[in-house]
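Order of the sequence lines sets the chain letters (A, B, ...), proteins ahead of strands, with each chain counted from 1. Worth saying up front: this structure is predicted, and the values here are computed from it rather than measured.
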Amino acid sequence: MTGQYLAFFIFALMAITGGVFMINLSRVIHMVLSIGLSFFGVAGLFIMLQAEFLAFVQVLIYAGAITIMMAMGTMMTQGGDEGEKPKRRLHNVLSFLSAVLVGAFLLYGIYTTSWPTEPTDLGANNIKEIGVTLFSNFVIPFELASILLLVALVGAIVLAKRDGEKD
Amino acid sequence: MLANAWLIPLFPLISFVLLVAFGRQLKEGAAYVGILSLLASFVVAVGVFFERFAEGAHDYITSFDWLNIGDFVFTMGFEVNQLNAMMLIVVTLVSLMVHLYSKGYMHGDERFPVFYSYLSLFTFSMLMLVISPNLLQAYIFWELVGASSFLLIGFYFFKPSARAAAKKAFLTTRVGDLGIFIGISLLFWQTGTFEYAAIFEAAHSGVLSPEFITLTSILIFIGAVGKSGQFPLHIWLPDAMEGPTPVSALIHAATMVAAGVYLVARLFPLFEASATAMLTVAIIGGVTAIFAASIGLVQNDIKRVLAYSTVSQLGYMMMALGSAGYVAGVFHLFTHAFFKALLFLAAGSVIHSVGTQDIKEMGGVGKHMPITKIVFLIGALAIAGVPGLAGFFSKEEILIATYDSGNVVLFWLALTAAVMTAFYMFRLYFLTFSGTPRHENHHVHESPIFMTLPMIILAVLAIFSGYVVYAGFGEWLAHGVISGEEGEGHHTWIMVLSIAAAFGGIGLAYLLYGRNNKVSTAEPKGLHKLLFNKYYVDEFYGTTVIKPYTLFGYVLKFFDKYVIGGLVQFTAWIAVAIGRLGQRLQNGQVQAYSLVTILGLVILLLSMTAGRLW
Amino acid sequence: MVPLGGYLAVGAILFSIGVYGLLTKKNGIIVLLSIELMLNAVNVNLVAFSRFGIAANITGQIFSVFTITVAAAEAAIGLAILVAIFRNKATINASEIDIMKR
């Protein structure tokens, strides 16, 4: 049991520290890398929840693709302005307050609700089950998701293409 | 013909409408519209006059219901009696002459048609005032006359002095109008009617108390004082000479200023019922006569001398009316209209030609302008009261009337004013027409036919209009208005005195100005200075009335600007502040919008869980 | 076993961090990442419920798959938009992008 708790704490700590670093670091590229740490932590939590497939997807898409893509985006949008920005003190205070309040509400809710304690066993090899369900019960959303990805692909290309290029 | 008297004001109204609508296209052809309409009016007026003058004719009165308010019926209409039959002739004739004259005088003016439309408007309102059968209608047109007078005085609105004069005239006459308004309202309150006849009946049958009659008479007289430029409110009339000269001749000599006299004459039975009111009228008239004549002695502006002369002569008429000399006052109104219009037109002719109004810079004009010289001389002789001319007859009647009223002071005042009148008129004549020129203008020439013709016609009238006495004019005028006896026989010594006054004044003027024809350039001193500055009445009003009012105005302005304006600004500021707030919210930044959304969520959560927490 | 509440708490904390980042970070890329973080927090919840829920089954994980798909698409589009903005305005500073105001 202690081993599980330890793993949970390590992963949770990874996820939260990653997020906190993202907020607090000063250079953009460091922020991007720290959020990668957070994504890894979440992947670890997924493994602990017997969602190995999702954990891999998480690592591949988030920790891999999105983090790298954002890092590339950071490089592409470098330069420009790092000058003194107008301070938005009120904005920041209100943002902090609302974030804390939202978190407090959620935690309060979690704390006061009595959750079922017994975990359901989803099977050691639930990847197959995911595949079967996805292609039987959720086939239409699945296809819609693929269309969404295609549209996103086309849209991203159109948006990012230089204006002058006409072909 | 009497039933068609309503046509008389109609023609100028048509002319006014036409000129307002098509004046721009007509340009100087506008003169013909005005002249033709006035000619038509004049023809009808002459017809009406002769029919009314005929043996056994009666007053004609007709009216229709205009407004029904509760039980009161307000009527509009017209009436023809002796007094206004005469007035119709005077107004239409002088107006016609002025219309003719203006064609020459205003030639080349950019706003020629506008001038004619104003003249038509004025003539219309004056005629309507004259034929009104009730006080309400008279009051309406009384105000309209004032408004058109304002327009005409301020005709050269680009001159600051003309603007100021127009404002002064309007405001000063308003003071009087307030009196007449209160007077009419009081009469209506007591008698429930505006009709002249009904009011007279009420006055004489004892429905109205004597004090009330005195009060209302004096209030109405205040209106007449304002309109006719009588003593305390005379200040606007000399300034009104800023208007074009034909306007001065028409409005500020012959017709509008006579409206006050006319009103007093029209309401004579009412005034007659109160001895106090009569005495007030007589005293104000007498004071004005001598007061204005004395100022006229020393003025140097040709039109201003004539203006003070007008004020003085109007005072004469008031004095006659106040001394129960109804016929004398009205008769003088009749003759004065002709020779004063003539004098103004002749003065205008000189001004038009020489290009200045200052008699110090004139002199010797007569050589180049023989017609103008002769007609001016005729007018001057007439107003001085030289026997054989119109002024002699009416002036003598006034002197007799004042003497008969038993007020010796008034009689001597009138006689002194007569001497003064003769003096300043001939001072004017000698300085302007005889002697050697004191001006640089070598293009002095006789005026065109359009200007000389009206002057000649008026000159003929100035000579002969007095002879209507022999046609029974006085008895005819008095018929039905004056109940009592009239004409207690001739006082030959009064006639002699009046002739002596006329010739005395003329002789004095000749001694001082006719022989050596010099103008003293020294600063006026002593009494002369007092007269030259018009007894400082303007300055007196300036400090006692205008300054406090201006101060009060500043207070009000302050109040308006900072209290009322502050409230308005404050209201606007609140709206702006709310707008600013919304604007700050609407800053286009997606994060600000998200923050608001999430704050909203927090508030929602708070409100939903608050009940469970506590 | 680590109780369900623990996972949910981690999810809640991550979500709050995401909210704060979304609202305050100036760099557009970090704002996008904050959104990803929030989505991740949701995913944690979904997966946790898929194991501990009252009617726990595999559907929770499948839902997460879709979420990840949509999040990926969103990240791609978001980045493309940022690149386009950067090209036009030479900045991706969220506080300077206020063309919606006009």
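The candidate from A51(A), A145(A), S146(A) with the greatest count of non-hydrogen atom pairs under 4.5 Å with chain C is A51(A). For the set F96(A), F46(A), F11(A), Y111(A), the count of heavy-atom pairs under 4.5 angstrom toward chain C peaks at F46(A). For chain A, the option among L33(C), N40(C), I30(C), V47(C) with the highest count of heavy-atom pairs below 4.5 Å is N40(C). Between chain C and the residues T113(A), V32(A), V57(A), the largest count of heavy-atom pairs under 4.5 Å involves V32(A). Ranked by heavy-atom pairs shorter than 4.5 Å toward chain A, the options G28(C), G78(C), A48(C) are led by A48(C). With chain C as the partner, the residue from V42(A), V102(A), V158(A) showing the most heavy-atom pairs under 4.5 Å is V42(A).
In terms of heavy atoms, L149(A) sits closest to A73(C) at CD2-CB, 4.1 Å. Of all the heavy atoms in K25(C) and M31(A), the pair that sits closest is NZ-CE, 4.2 Å. Across every non-hydrogen atom of A76(C) and A156(A), the tightest pair is O-CB, 4.1 Å. Minimum interatomic distance between S95(A) and T24(C) (heavy atoms only, all atoms of both residues): CB-CG2, 3.5 Å. For P3(C) against Y5(A), the heavy-atom pair with the smallest separation is CD-OH, 3.5 Å.
Within the 4.5 angstrom heavy-atom criterion, atoms from both the backbone and the side chain of I16(A) approach chain C. Contacts between L4(C) and chain A at a heavy-atom distance below 4.5 Å involve the side chain alone, from C-beta outward. Contact of V20(A) with chain C is made through backbone and side chain together, with heavy-atom distances under 4.5 Å. Only the side chain of L79(C) has a heavy atom closer than 4.5 Å to any heavy atom of chain A. Using a 4.5 Å cut-off between heavy atoms, M48(A) touches chain C through backbone and side chain atoms alike.
Taking the six-membered ring wherever Trp is involved, the centroid distance between the rings of W115(A) and F49(C) falls below 6.0 Å.
The line from CD1 of I29(C) to CD1 of I35(A) is 12.5 Å long, rounded to the nearest 0.5 Å. Remark: L46(C) CG to L49(A) CG distance equals 11.0 Å, nearest 0.5 Å. Taken from CE in M76(A) to CZ in R87(C), the straight-line distance is 7.0 Å, to the nearest 0.5 Å.
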### Query
Hey, mind stepping through L54(A) and I68(C) against side-chain contact (heavy atoms from CB on, under 4.5 Å) and telling me if it holds?
CA-CA 9 Å; L54(A) 274 179; I68(C) 292 168; 3.8 Å; yes
Name every donor-acceptor pair, under 3.5 Å, that has one atom in a side chain of residues 8-23 of chain C and the other anywhere in the protein, sequence neighbours excluded.
unit_1 : atom_1 : unit_2  : atom_2 : d
S16(C) : OG     : G103(A) : N      : 3.2
S16(C) : OG     : A12(C)  : O      : 3.1

Under 3.5 Å, side-chain donor or acceptor atoms of residues 52-67 of chain C against the rest of the protein: list the pairs with distances, not counting sequence neighbours.
unit_1 : atom_1 : unit_2 : atom_2 : d
N57(C) : OD1    : T59(C) : N      : 2.9
N57(C) : OD1    : T59(C) : OG1    : 2.8
S64(C) : OG     : G60(C) : O      : 3.3
T67(C) : OG1    : F63(C) : O      : 2.8

Side-chain atoms of residues 127-144 of chain A: list all donor-acceptor pairs with protein atoms under 3.5 Å, sequence neighbours left out, distances to 0.1 Å.
unit_1  : atom_1 : unit_2  : atom_2 : d
T133(A) : OG1    : E129(A) : O      : 2.6
S136(A) : OG     : V132(A) : O      : 2.6
S136(A) : OG     : T133(A) : O      : 3.3

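For residues 61-69 of chain A, heavy-atom neighbours of chain C at less than 4.5 Å comprise I61(A), Y62(A), I66(A), M69(A), sorted by residue number.
With hydrogens and angles left out, the side-chain atoms of N43(C) and Q58(A) include no donor and acceptor closer than 3.5 Å.
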